[in-house]
Amino acid sequence: MREKNLPIKIFEKRGDIDERLTEGGGNDELPKWVLSGWELKNKSDLLLNELSTAQKRIQQKFNKYSSVPTLIKAKIIDNALAKTHRADLTQFFQLKKQNRTIGFTENQELLIRIDNPSELLEISTNLYHYDKNPKVISGVKNIEAFEPNISLDNITPQKDGKYIIKVKLLNYDNYQINTHVLQVFQKLLTDNIKIKLDRTVRYTNNNTIFQISIDSIEALFEIDDFNGIMSIEPMPIYDITEDSLFVEEMVNIPAPKKDTEYPVIGVLDSGIANIPQLNSWIVGRHTSYPQNLIDPSHGTFVAGIASFGDILEGKKLTFAEGCRLFDATVYPNPKLESVTEAELVDNIREVIEKYCHTIKIWNMSLGSKVEIKNSEFSDFGAALDSIQDENDVLIIKSAGNCNNFLNSMPVSKIARGADSIRALTVGSIAHSQLKNDLSPYNHLSPFSRIGPGPANIIKPDLVHYGGNCGVDNGKLIINGVHSLNKDGTLRKDIGTSFSTPRVAAIVADIHHKLREEFDPVLLKALTIHSAKYPYEVDLDMNEKINQFGFGLPSSADEILYNNPHEITLILRDNLNKGEFIEILDFPYPESLIDQNGYYYGQVFLTLVNTPILSEGQGPEYCQSNIDIYFGTYDQKKTRDTSKRTVKNPIGREGQHNLLLSSNYSKKRPLEFQHQFSKTEQILVQYSGKFYPIKKYAVDISKLTPTKKEKHAQSSKKWFLKLEGLYRDYIEKQGEEKRMDLSQEFCIIITIRDPFKQKFVYQEVSQLLQSNNFLHRNIKLRQDIDINLDGG
């Protein structure tokens with residue numbers, strides 16, 4: 001019998017027992033940075049002068065496009081960025097008792113909608129009465145008229161001499177205004193003979209992109225002062241870099257077994273060749289291009305790894321044993337036809353919308369060469385988020401390649417599109433090291449782009465094997481991974497394109513082995529929860545996170561089963577605004593108390609939530625957050641709900657969150673030096689406010705002596721708490737549009753006895769039962785003999 005044969009468990013919160021109402025707090029004291037006296041008066045005068053200048057520019061805009069609203073922008077100082085201060089700012093800029101704040105830029109500027117110049121008088125009046133608005137006037141650095149971001153540096157014409165331009169309109173957060181502005185702009189384009197409208201593409205529900213072509217840059221002068229334009233930039237052109245080494249060798253791939261179901265992966269790529277090794281594994285095809293414009297080399301290589309990466313590499317890397325393939329050709333032969341970002345988004349949306357009911361896992365090893373911005377999420381990434389949300393699918397996306405190593409330069413950040421919040425983004429590590437290779441085994445491949453993503457979120461999420469390479473006398477020498485060429489021969493190649501389908505195979509294998517409804521949040525959480533850093537990597541934690549994300553994921557069986565000395569619990573639920581979850585009877589095993597009367601054990605905790613997303617908010621694209629707390633307390637207490645601020649009758653005393661890194665000794669105890677791998681030696685804390693994924697790994701025995709004495713004694717009880725947070729913008733949207741704000745989430749907690757002595761699985765299962773938690777084994781396709789006695 002294999003060591004891990006106990007299925008992981010799903011448990012539920014206990015209704016009224018574990019559900020709590022959010023309670024008020026705070027005070028009315030002004031922050032220390034708020035100005036007063038003559039300093040406040042001077043700041044008011046300065047802003048009034050800036051507003052007067054802005055009014056002249058705004059009048060010019062309305063003289064030309066009287067029916068199209070324009071904007072002013074108010075730059076916010078760092079001290080005033082907190083949510084409590086932002087609410088005052090948005091209220092200050094209300095016009096006609098309506099919220100007019102529609103966006104927040106990467107430069108910390110609030111965007112305020114102006115429907116006519118006379119509305120600025122209302123803001124002027126507020127500024128004039130500086131003594132009534134000291135916090136806002138102190139918190140605004142300057143006020144200006146909004147101008148579109150026009151960035152055409154280094155733009156180059158296409159082969160036909162034309163320039164392809166991407167135009168993005170403002171989102172006014174008003175359906176009628178957006179519709180009107182869209183119609184006015186479309187007419188402006190169609191009436192202009194110097195501009196050709198190539199396509200209009202819906203990236204998200206609130207973001208429609210115009211792709212136009214012009215013969216000269218001067219043609220843009222006809223439209224660049226249109227009030228409704230957010231930005232004008234070159235339309236990104238996508239291509240695939242082919243760094244290949246061919247091996248003239250045929251390889252046999254087994255045919256699918258009759259009456260056997262297999263995982264299915266949709267391959268969003270350049271097409272899969274009609275070759276005997278893969279034909280029997282293909283369940284369908286969809287193409288956006290005629291056959292004469294397709295080169296399936298890249299897509300075939302990706303498909304080979306997705307379906308049979310372990311066989312082709314001759315190693316057990318994913319342990320997936322064959323995947324069915326859906327060929328989605330969304331990319332043409334770049335030698336014959338280029339593809340713009342707008343066209344690629346259109347192609348992806350079309351195929352996924354058509355087949356989303358049957359194909360749930362999609363591999364996307366295509367992307368941009370342009371790296372992400374530090375404080376702004378890309379349109380392409382937002383489009384992928386929208387497509388996944390609308391169609392209930394999960395995209396596994398490559399992080400992107402970079403050739404800076406050829407010039408001994410640092411690697412670039414992840415490419416645009418790889419910043420998709422909903423997708424799993426994958427980087428590459430080296431599968432081996434040959435003479436000329438730059439990367440040691442299991443370290444980041446020289447070409448693999450790194451994080452962090454915009455707003456410092458963790459991207460890439462994961463890594464897998466995508467090859468190695470080096471430079472010899474200025475020439476690229478590749479040490480590639482194996483897959484199939486379009487003629488069926490074996491071939492070697494490198495790239496994050498080829499690490500990505502390995503993760504897609506693992507995710508598809510997990511989904512296939514579950515008898516649960518498709519759940520992208522659960523699949524992401526399971527995959528990330530299993531990930532570890534390779535033993536060979538010895539970097540500081542921040543650098544590990546930037547390069548490897550959460551690490552290298554395990555196989556499906558490793559993820560879905562426990563041994564008797566550990567248990568993995570899943571809590572999959574929804575958290576509504578105004579509520580939090582607090583479990584005061586968390587089932588931590590009492591067998592994990594040492595001879596001195598202190599708790600010990602390893603705890604691995606992963607939280608994946610689905611933050612509300614809003615493009616146009618710059619670094620604040622993620623508009624909601626869930627914080628998690630796990631630790632010990634002394635006892636429950638009864639609270640006085642007759643008090644205005646008390647809504648919950650039961651609380652806790654002496655609580656302490658054991659997920660904080662400050663709890664733990666930096667030096668590892670000698671008695672544990674041989675018990676843990678490098679990934680489990682110290683507290684691993686990949687967390688931050690508004691990160692959509694948080695992960696912790698703690699060793700309770702490594703609490704500092706003071707913390708151990710205070711918070712790990714055997715008399716302690718255990719708790720788990722989840723609390724939601726929403727930015728001011730989305731709260732205002734919820735009020736105005738009558739939306740109930742909530743976030744789906746999945747928590748996975750593994751509790752482990754590092755000495756493999758105590759029967760943790762059995763004990764925690766019994767504690768769940770005795771504390772009246774509804775719980776069950778996760779539903780699996782194959783029933784495994786379960787033995788709770790460890791025999």
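Heavy-atom basis, side chains included; hydrogens, waters and symmetry copies ignored. All values derive from a computational prediction rather than experimental measurement. Residue indices begin at 1 and follow the sequence shown.
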* So do the side chains of Tyr664 and Asp699 get within less than 4.5 Å of each other, counting heavy atoms only? -> no
* **cation_pi(Arg572, Phe11) dist<6.0 Å, angle<=45** => no
* Euclidean distance, Ile748 CD1 relative to Leu605 CG, rounded to 0.5 Å -> 9.5 Å
* Is any side-chain heavy atom of Val646 closer than 4.5 Å to a side-chain heavy atom of Asp640? -> no
* Asked: Is it true that Glu579 and Arg20 make a salt bridge, defined as a side-chain N closer than 4.0 Å to a carboxylate O?
  -> no
* Asked: Is it true that Lys544 and Asp540 make a salt bridge, defined as a side-chain N closer than 4.0 Å to a carboxylate O?
  -> no
* To do: Kindly state each residue pair satisfying side-chain hydrogen bond (donor to acceptor under 3.5 Å, both in side chains) with at least one member in residues 583-594, sequence neighbours excluded.
  => Arg14-Asp585, Asp585-Lys636, Ser591-Glu763
* Would a line drawn from the ring center of Tyr599 to the ring center of Trp718 be shorter than 6.0 Å? -> yes
* To do: Only counting residues at least two apart or in another chain, list the ones meeting salt bridge (charged side-chain N to carboxylate O under 4.0 Å, His left out) with Lys732.
  => Asp728
* To do: Mind checking salt bridge (charged side-chain N to carboxylate O under 4.0 Å, His left out) for Glu735 and listing every partner two or more places apart, or none if nothing turns up?
  => none
* Ser530 side chain vs Ile559 backbone, donor-acceptor pair below 3.5 Å -> no
* To do: Verify whether one side chain among Asn596 and Lys708 offers a donor that lies under 3.5 Å from an acceptor in the other.
  => no
* Please identify each residue that fulfils side-chain contact (heavy atoms from CB on, under 4.5 Å) with Thr606, with sequence neighbours left out. => Ile528, His529, Val608, Lys695
* To do: With sequence neighbours excluded, tell me which residues meet salt bridge (charged side-chain N to carboxylate O under 4.0 Å, His left out) with Lys360.
  => Asp392
* Would you tell me whether Glu390 and Ser386 have side-chain atoms, one donor and one acceptor, within less than 3.5 Å of each other? => yes
* To do: Before accepting this row, confirm whether a basic side-chain N of the pair Glu731/Lys83 lies closer than 4.0 Å to the acidic partner's carboxylate O.
  => yes
* Structure fact -> Heavy-atom closest pair (Ser765 atom, Tyr761 atom, distance to 0.1 Å) is OG-O, 2.7 Å
* To do: Would you sort out whether His357 and Asn391 count as a side-chain hydrogen bond (donor to acceptor under 3.5 Å, both in side chains), showing the intermediate values?
  => CA-CA 8 Å; His357 298 295; Asn391 298 286; over 6 Å; no
* Between Glu566 and Lys756, is the closest basic N to carboxylate O distance under 4.0 Å? -> no
* **Evaluation steps, salt bridge (Lys or Arg N to Asp or Glu O under 4.0 Å), between Lys717 and Asp634** => CA-CA 6 Å; Lys717 303 178 187 300; Asp634 292 329; over 6 Å; no
* Roughly how far apart are Leu607 CG and Tyr691 OH, rounded to 0.5 Å? -> 14.0 Å
* Residue list, salt bridge (charged side-chain N to carboxylate O under 4.0 Å, His left out) with Lys459, at least two apart or on another chain -> Asp461
* To do: Assess Arg652 against Phe719: is NZ or CZ under 6.0 Å from the centre of the six-membered ring, and within 45 degrees of the ring's axis?
  => yes
* Under 3.5 Å donor-acceptor, His711 side chain and Lys716 backbone -> no
* Asked: Would you call Leu317 and Arg502 a side-chain contact if the rule is heavy atoms closer than 4.5 Å?
  -> yes
* To do: Measure the shortest side-chain to side-chain distance between Glu582 and Leu720 over non-hydrogen atoms and say whether it is less than 4.5 angstrom.
  => no
* Asked: Can any side-chain N or O of Asp310 pair as donor or acceptor with the backbone N or O of Thr318 at less than 3.5 Å?
  -> yes
* Asked: Under 3.5 Å, side chain of Lys397 to main-chain N/O of Ala418, donor-acceptor pair present?
  -> no
* **Tyr629 six-ring face occupied by Lys721 cation (under 6.0 Å, within 45°)** => yes
* Give a yes or no on whether the backbone of Phe690 and the side-chain of Asn625 come within a donor-acceptor separation of less than 3.5 Å. => yes
* **Test item: Gln757 side-chain N/O and Asp753 main-chain N/O as donor-acceptor pair under 3.5 Å** => no
* Asked: Does the side chain of Lys9 pick up a donor-acceptor pair with the side chain of Asn777 at under 3.5 Å?
  -> yes
* Say whether Ser555 and Asp557, considering side chains only, have a donor N or O and an acceptor N or O under 3.5 Å apart. => no
* Looking at side-chain heavy atoms only, is the closest gap between Asn363 and Thr500 below 4.5 Å? -> yes
* Does some side-chain heavy atom of Val521 sit less than 4.5 Å from a side-chain heavy atom of Phe745? -> no
* In this structure, are over 12 heavy atoms from other groups packed under 6.0 Å from Lys737 atom NZ? -> yes
* Does Glu261 CD have over 12 foreign heavy atoms under 6.0 Å away? -> no
* Asked: Ignoring hydrogens and geometry, is there a side-chain-to-backbone donor-acceptor pair from Glu19 to Ile581 under 3.5 Å?
  -> no
* Would you check if the side chain of Arg422 reaches a backbone N or O of Val393 as a donor-acceptor pair within less than 3.5 Å? => no
* **Any donor-acceptor pair under 3.5 Å from Asp385 side chain to Ile421 backbone** => yes
* Please determine, by modelled atom types, if Asn442 and Tyr533 share a side-chain donor-acceptor pair under 3.5 angstrom. => no
* **Check: Leu394 and Trp362 side chains under 4.5 Å, non-hydrogen atoms** => no
* Structure fact -> Distance col, row Ile510:CD1 vs Leu522:CG, nearest 0.5 angstrom, shows 8.5 Å
* **Side-chain donor or acceptor of Asn771 paired with backbone N/O of Phe773 under 3.5 Å** => no
* Donor on one side chain, acceptor on other, Glu516 and His511, under 3.5 Å -> no
* Asked: Are Glu744 and Thr610 close enough that a side-chain donor and a side-chain acceptor fall under 3.5 Å?
  -> no
* Quick one: are Leu569 and Ile567 in side-chain contact, heavy atoms under 4.5 Å? -> yes
